[in-house]
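Here the structure is laid out as C-alpha cells; the discussion comes afterwards.
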Amino acid sequence: MIKTQIINDRGIHICKSMVAWQKFGNGETPQSSGMKGDHLIGKYYVAFDKAYKKEIEELVAGGMDKAEAEKSTKILAEAQEMLQKWEAEDKEVRELWKRMNGWVYDGFSSTYELMGIDFDALYYESDTYLVGKQVVLEGLEKGIFYQKEDGSVWCDLSEMKMDDKLLLRADGTSVYMTQDIGTALLRYKDYPNLSGLIYTVGNEQNHHFKVLFAILKKLGYAWADGCYHLSYGMVDLPSGKMKSREGTVVDADDLMQELIDKAKEATLERGHLDGMSEEEKQQLYKTIGLGGLKYFILKVDPKKRMLFNPAESIELTGNTAPFIQYTYARTQSILRSSENIDFKDVPTQIDIEPVEKEIIQLIGEFPTVIKEAGDNYSPALLANYAYELAKSYNSFYQSVSIFKEENEDKKRFRIALTYLTGEVLKNALKLLGIDVPERM
RNA sequence: GGGCCAGUAGCUCAGCUGGAUAGAGCACCUCCCUUCUAAGGAGGCGGUCAAAGGUUCGAAUCCUUUCUGGCUCACCA
C-alpha cells in the first residue's frame, strides 16, 4: 500500500487568494498574524469571494444584468490575468505563488501530524498537468483523440454512451481531466507493480472518474482496469452543505482541539490517571479525542451522506471510539493483575457461558471482517465489528467474575479470552488509524 | 430531461449476495458501584423498513412504477 495525495496547487482558486492577499493583506504572513498558513490563505479565498460578490452587486445596481455582471468584475479579471501570468511563468507571480503555497503546506503538515496521517508520495498538479498534456498530444498523434477546427483536442466516448470530453483547450492549455491523466500515468511509472489505484474522492466527482477511467482504457493502459473510485458521501452540517468559498466549513484543527478538550474534561472527571505523567495525560486526551473523531466518520458507510452536528454529534458514550478504547483499557487492567498465560495451558474442556461463546465467535470472525472491509472498501464494517465485540465483552465483564472464579481452569480461560479480546480490539482500531490507551 | 446514489425508531446509523419476533447508539423512564475501570451493565418506551404493485414457500433485502432528497451531465478544479 502506497499512500499518495494529489495537491491542488494550480489554478484559478490559488490566484483568487493571491489577488485578495495583494489587495487586502498588507503583507500579512502566518508569522505576523499568528495564523496557521492554510487558514490564512483560506481567509483570503473568502475575502476574494466577498469582494467579488460586492462588485457584482454594484454592477447590478448600476443596471447591468446579473449574468453579465458575473463576467465583468474587475477582481475576477485580475485573478484570470494572474493565472495567465502564472502559466507564462511570470517570475513575480511564481514567487508569490511559491511563498503562499509554502504557508499552506506548513499548515497542512501540522494538521496531518496531529491526526497521525502521512503520505508516501505527493503529486503536485503543477507537475502532473504537463505530463497529461504530453500524453494527450501523443494520443492525438496515434489517432486515439481528435482535434476540432479551433485546435481543441477531444476524446470520443460515444461507444461508452458518454459525451465527448475536452482534453486540451484551443489555446493549448489543459483542463482538470488532462492533469488527472498525467497523475495516473506518473503513479504507475513510479510504482510499476501496483495492482490497483484507489481514488478516495467525494461522490460529486463520480462522473469525472468514470470518464477518466474510460479515457485511460482507450489509451491502452492495461492497468486502467485496476482503477477504482472510492466515492464517499459528503458531510452535511445542520445548517447545510459546507462551502469553503463562503467560509461555512468546520475547520479540522478547531474540531480536533475541541474533541481533545472534551476528552480531557471527561477524563479528569472519571478517568483513572493515577501515576501518569503530565505528558502521558496529554497523550491520552489526544488518543481519546482524535479516536472519537475518526471513529465518528469511519463508522458510517462511506457511500452515504452523513449529517454532522458539531455541537452534539460527538459523544464519548455509546457507539464511539472511547467506548471501545475503554473496553480495551479494561482488558489491560485485568491483564496487569494476572500472571502471564501460556496458551498451551488454556483448558479447552470446560463449560462456558453464552456470552463467552459469543465472544469466541466474534473473535473467530475477525479475519473475515477484515477481508470484507477490504473487498468492500468499507472501514465501517471494521468499526461496527469492533463495537459489537466491545459490547459483548462488557456484558461478559459485568456478568462474570474472573478473579473470584474458584475453578482454576475457568479462570485461566477467562483471562485468555480477555487477552484475545484486547488484541482484536486493538488491531481493529489500528486498522482504522485509531490508537488505544492502556488505561483511561 | 438523462445517469448515479440515498430514503429503516423523535435524532444519528447497522442490517441490504432473500430466511425465523427488523437491530444499535443518543434522547426519555426504571434498576445495578462491600465484584477485576459505572466512559460500564440489565431492562422499559419507541418502527405499516418512503408509497404502491410484482417475483417467491418466504422481501427492509430482488424487479417495476411513483414520491422525496443529494450529486452529476463544464473549455471549474
Side-chain angles (χ1 to χ4, degrees), chain A residues 6 8-14 16 83 125 129 148 150-154 161-163 165-180 201-211 231-234 236 238 240-241 245 262-263 266-267 269-274 288 292 296 299-301 303-309 312-338 355 372 376 380-381 383-385 387-388 390-391 393-405 411 414-415 418 437-440:
Chain A
I6 176 81
N8 197 214
D9 62 343
R10 182 194 92 93
I12 192 76
H13 59 289
I14 305 283
K16 285 179 180 176
L83 181 60
E125 284 187 359
Y129 87 102
K148 286 192 180 173
D150 66 359
S152 56
V153 179
W154 296 73
K161 292 182 183 166
M162 291 189 276
D163 291 337
K165 180 69 198 173
L166 175 94
L167 297 174
L168 286 178
R169 297 187 186 100
D171 63 5
T173 57
S174 68
V175 293
Y176 182 41
M177 187 59 73
T178 323
Q179 299 169 25
D180 261 359
V201 184
N203 60 12
E204 61 201 355
Q205 297 198 34
N206 286 356
H207 186 255
H208 171 78
F209 284 102
K210 214 168 135 187
V211 173
S231 159
Y232 60 84
M234 299 288 117
D236 285 321
K241 197 182 171 181
R245 218 178 343 187
K262 199 167 172 178
T267 303
E269 202 178 301
R270 54 203 152 167
H272 304 74
L273 298 174
D274 33 297
I288 297 172
F296 183 81
K299 78 174 172 186
V300 329
D301 184 328
K303 284 198 300 286
K304 284 200 176 175
R305 278 187 93 81
M306 62 179 296
L307 185 71
F308 177 61
N309 185 336
E312 298 167 12
S313 285
I314 299 213
E315 298 295 333
L316 305 176
T317 61
N319 186 357
T320 64
F323 171 84
I324 301 167
Q325 290 169 324
Y326 181 74
T327 309
Y328 175 79
R330 272 183 155 174
T331 63
Q332 299 314 292
S333 171
I334 287 173
L335 294 174
R336 274 193 298 273
S337 320
S338 43
V355 226
E372 271 175 22
N376 293 301
L381 296 178
N384 288 310
Y385 168 80
Y387 175 61
E388 288 300 322
K391 251 192 343 172
Y393 185 82
N394 278 322
S395 182
F396 157 80
Y397 181 92
Q398 205 75 218
S399 59
V400 174
S401 176
I402 293 175
F403 295 130
K404 287 203 167 173
E405 175 58 51
K411 187 173 161 183
R414 285 173 188 168
I415 292 171
T418 296
E438 293 306 304
R439 61 183 76 192
M440 69 186 271

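All heavy atoms count here, side chains included; hydrogens, waters and symmetry mates do not. Bear in mind the structure is a predicted one, so any value in this text is a computation, not a measurement. Residue numbers begin at 1 in each chain, while the letters A, B, ... track the order of the sequences.
- For the P atoms, the distance from A14(B) to G7(B) is 8 Å, rounded to whole Å.
- Distance, L316(A) CG to A27(B) P: 12 Å, rounded to whole Å.
- A donor-acceptor contact under 3.5 Å is not formed by the side chain of N8(A) with the base of C76(B).
- Rounded to an integer number of Å, the gap from CD of E388(A) to P of C13(B) is 18 Å.
- Taking atom CD of E269(A) as the reference point, atom P of U37(B) lies 19 Å away to the nearest angstrom.
- Between T317(A) and C26(B) there is a side-chain polar atom (N or O) within less than 4.0 angstrom of OP1 or OP2.
- Comparing Y326(A) and N394(A), the nucleotide of RNA chain B nearest to each residue sits closer to the 5' end for Y326(A).
- Using Watson-Crick or G-U wobble geometry with both donor-acceptor distances under 3.5 Å, C71(B) finds its partner in G3(B).
- Within 4.0 Å of L168(A), counting heavy atoms only, lies no atom of the nucleic acid at all.
- Comparing the C1' positions of U17(B) and C63(B) gives a spacing of 16 Å, expressed to the nearest Å.
- From N8(A), atom CG reaches atom NE2 of H13(A) across 3.5 Å, with rounding to the nearest 0.5 Å.
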**I6(A) and E125(A): CA distance, side-chain angles, deciding distance, side chain to side chain contact (heavy atoms under 4.5 Å, CB included) verdict** = CA-CA 7 Å; I6(A) 176 81; E125(A) 284 187 359; 3.7 Å; yes
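- Counting non-hydrogen atoms under 4.0 angstrom, V355(A) reaches nothing in the nucleic acid.
- For C76(B), the OP1/OP2 oxygens have a side-chain nitrogen or oxygen of R169(A) closer than 4.0 Å.
- Residue I334(A) is classed as a sugar-phosphate contact, given heavy-atom separations below 4.0 Å to backbone atoms only.
- U21(B) and C67(B) have their P atoms separated by 34 Å, given to the nearest Å.
- With values rounded to the nearest 0.5 angstrom, F209(A) atom CZ is found 8.5 Å from M177(A) atom CE.
- Among the heavy atoms of the strands, none lies under 4.0 Å from E372(A).
- Within the 4.0 angstrom heavy-atom criterion, base atoms lie near Y397(A).
- In the set G40(B), A24(B), C75(B), C75(B) carries the atom at the smallest distance from any side-chain atom of D150(A).
- Phosphate proximity of C36(B) to R336(A): absent, as no side-chain N or O sits under 4.0 Å from OP1 or OP2.
- Where K404(A) and L381(A) meet RNA chain B, the nucleotide closest to each residue was compared, and L381(A) sits on the side nearer the 5' end.
- Taking atom C1' in both G40(B) and C33(B), one finds a spacing of 10 Å when rounded to whole Å.
- Residue-to-nucleotide contacts include no donor-acceptor pair under 3.5 Å from the side chain of H207(A) to the base of U72(B).
- Nucleotides C13(B) and G18(B) place their C1' atoms 23 Å apart, quoted to the nearest Å.
- Rounded to the nearest 0.5 Å, atoms CD1 (I324(A)) and NZ (K299(A)) are 9.0 Å apart.
- Rounded to whole Å, the separation between the C1' atoms of G44(B) and A9(B) comes to 15 Å.
- Taking atom CG of L167(A) as the reference point, atom C1' of C76(B) lies 16 Å away to the nearest angstrom.
- A glycosidic torsion no more than 90° from 0 defines the syn conformation; C67(B) lies beyond that range and is anti.
- Here, U8(B) and A52(B) have their P atoms 16 Å apart, quoted to the whole Å.
- A donor-acceptor contact under 3.5 Å is not formed by the side chain of T320(A) with the base of A39(B).
- For M440(A) and U37(B), the CE to C1' distance is 10 Å, given to the nearest whole Å.
- The gap from the C1' atom of C29(B) to that of A22(B) amounts to 23 Å, rounded to the nearest Å.
- The nucleotide G23(B) finds its pairing partner in C13(B), both defining distances of the Watson-Crick or G-U wobble pair being shorter than 3.5 Å.
- Look at CZ on F323(A): it is 12 Å from P on A39(B), rounded to the nearest Å.
- Using a 4.0 Å cut-off, no side-chain N or O of T267(A) falls inside it from OP1 or OP2 of A39(B).
- At a threshold of 4.0 angstrom between heavy atoms, the contacts of S401(A) include nucleobase atoms, whether or not backbone atoms are also involved.
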**Request:** Using the side chain to side chain contact (heavy atoms under 4.5 Å, CB included) rule, take Y393(A) and F396(A) through it: C-alpha gap first, then chi angles, then the decisive distance, then the call.
**Result:** CA-CA 5 Å; Y393(A) 185 82; F396(A) 157 80; 3.6 Å; yes
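- Of the candidates T178(A), T173(A), V175(A), L168(A) forms a side-chain contact (heavy atoms from CB on, under 4.5 Å) with just one, namely T178(A).
- The shortest heavy-atom contact between T320(A) and E315(A) is CG2-O, 3.3 Å.
- At the heavy-atom level, D301(A) lies under 4.0 Å from the strands shown only through sugar-phosphate atoms.
- K304(A) places its NZ atom 9 Å from the C1' atom of G15(B), with the value rounded to the nearest Å.
- With a cut-off of 3.5 Å on both pairing distances, the Watson-Crick or G-U wobble partner of C28(B) is G44(B).
- Atom NZ of K303(A) is surrounded by 12 or fewer heavy atoms from other residues, nucleotides or ligands within 6.0 Å.
- In this structure, N319(A) atom CG and A27(B) atom C1' are separated by 16 Å, rounded to whole Å.
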